[in-house]
Amino acid sequence: MTRKVIILGSGCAGCTAALYAARGNLNPLMIEGLQPGGQLTITSDVENYPGFPKGILGPELMVLMKEQAVRFGTEVVTGDITKVDLKKRPFKVWVGDKTYEGETLIIATGASAIWLGLESEKKLTGKGVSACATCDAFFFKNQHVVVVGGGDTAMEEATFLTKFASKVTVVHRRNELRASQIMQKRAKEDPKINFIWDSVIDEVYDVAKGKVTGVRLKNLKTGTSQDFPCDGLFIAIGHKPNTKLFEGQLELDAKGYIVTKKQPSMATSVPGVFACGDVQDSIYRQAVTASGTGCVAAIDAERFLTHHP
Ligand code: NDP
């Protein structure tokens, strides 16, 4: 059976696209990965999603969004997508050895945190190494943590961590921050936050002990290294879009994000394929903008089907 719309991903963008497609009578199929709900499921309080003046927990918001999409007839399949074929309509999507066909696709596969790429970092992830302060800051009460990165995410994470940690050290590879002025100012004025410039982390200790006891810092200007004790390490060096499946089939930008027309639509380089949320947005990356573009993508798909029955 060929579906009118298949939605790939079940974060804010995917769920909102599903809600609108379902209400547009398109009987959408939403494929949720093995970690359904997207990035909000690894955050705690969401305080900037309109309609929740007291805030809401990220995982709870995602349960509600999915419930709302299902209420209007969205069918949900769980499994990681292994392959897609966008050469012609109907488009094909594989989940393991099962194939699904769609007249239109809405790609909402989101983005994931970038890691330093160290073996020790990998082995200590969840044991003191994290890429999500809002999820894990609580575990570092009265401890000293290091945050890597110089962008808005790093400043936001560092500032958030001061609610729990006794000291936060930001390690940045240059001597000036990339973060917006307001976020920089807030972090620089915080007495609990200090900065180490021109430095990278090239080792996380201590794999043998199974917990973070420190890092090795390398100063890029002098070339010297030093061991630096800490209790936790937060990686905040950006995100990468989940677009591996689409390489060679859709136009991607230099950073790998799907190129969408934006104005007036979420159309991609392949007619009938739309993208929404963080997979096509390296700038705003907010739950509400993801939902907004999910809505646009569903309306686009509906209009496309009217003109290309
Ligand atoms: P950015 O790409 O803006 O910043 C990444 C930072 O990590 C840079 O300072 C970069 O250094 C550094 N970095 C990258 N790779 C490495 C590496 N391998 N080793 C060490 N350092 C590294 O990503 P963000 O996630 O901070 O922000 C992404 C977007 O989201 C931005 O547009 C930002 O404004 C937005 N955002 C907005 C927020 C808000 O307004 N509340 C909150 C969070 C994000 P260098 O500077 O040298 O390149």
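One-based numbering, in listed order, for ligands and for the atoms of each. Keep in mind that the numbers below use all heavy atoms, side chains included, and drop hydrogens, waters and symmetry copies.
Taking every non-hydrogen atom of Glu156 and a distance limit under 4.0 Å, the qualifying atoms of ligand 1 come out as 41 (N), 42 (C), 43 (C). Within the listing of ligand 1, atoms 23 (O), 25 (O) sit less than 4.0 angstrom from a heavy atom of Gly238. Interface of Gly151 with ligand 1, defined as ligand atoms under 4.0 Å from a residue heavy atom, comprises 4 (O), 6 (C), 9 (O), 26 (O). Of all atoms in ligand 1, listed by their number and element, those nearer than 4.0 Å to a heavy atom of Arg174 are 45 (P), 46 (O), 47 (O). The atoms of ligand 1 that sit less than 4.0 Å from any heavy atom of Ser282 are 29 (C), 32 (O).
Across every non-hydrogen atom of Ile56 and Leu64, the tightest pair is CD1-CD1, 3.7 Å.
Heavy atoms of His172 come nearer than 4.0 angstrom to ligand 1 in at least one pair.
Remark: minimum distance from atom 15 (N) of ligand 1 to any protein heavy atom is reached at Arg173 NH1, 3.6 Å. Looking only at heavy atoms of the protein, atom 19 (N) of ligand 1 is closest to Leu116 CD2, 4.0 Å. Nearest protein heavy-atom neighbour of atom 35 (C) of ligand 1: Ile283 O, 3.6 Å. Closest to atom 21 (N) of ligand 1, if we only count protein heavy atoms, is Ile237 CG2, 3.5 Å. Protein heavy atom in closest approach to atom 28 (C) of ligand 1: Arg285 NH1, 3.3 Å. With respect to atom 36 (N) of ligand 1, the closest heavy atom belonging to the protein is Asp152 CB, 3.7 Å.
Using a 4.5 Å heavy-atom cutoff, the side chains of Gln286 and Asn48 are in contact. You'll find the side chain of Lys188 reaches within 4.5 Å of the side chain of Phe195, heavy atoms only. Residues Leu124 and Val207 have side chains in contact (heavy-atom distance under 4.5 Å, counting atoms from C-beta outward). The side-chain heavy atoms of Cys276 and Ile106, taken from C-beta on, include a pair separated by under 4.5 Å. Counting only heavy atoms from C-beta outward, the side chains of Lys255 and Pro241 never approach each other to under 4.5 Å.
Paired with Phe246 under the rule side chain to side chain contact (heavy atoms under 4.5 Å, CB included), one option of Thr268, Leu105, Ile258 passes, and it is Ile258.
At a heavy-atom distance under 4.0 Å, atoms from both the backbone and the side chain of Thr153 approach ligand 1. Within the 4.0 Å heavy-atom criterion, neither part of Ala179 lies near ligand 1.
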Query raised in the report: Passes salt bridge (Lys or Arg N to Asp or Glu O under 4.0 Å), Glu103 versus Lys4? Steps please.
Result: CA-CA 5 Å; Glu103 283 299 335; Lys4 287 187 188 125; over 6 Å; no

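Under the 3.5 Å distance criterion, with hydrogens and angles disregarded, a donor-acceptor pair is assigned to the side chains of Thr169 and Asn194. Side chains of Thr224 and Asn219: a donor-acceptor N/O pair is absent below 3.5 angstrom, by distance only.
Among the atoms of Gly150, some N or O lies under 3.5 angstrom from an N or O of ligand 1.
With Arg178, Met183, Gln286 as candidates, the residue nearest to atom 45 (P) of ligand 1 on a non-hydrogen basis is Arg178.
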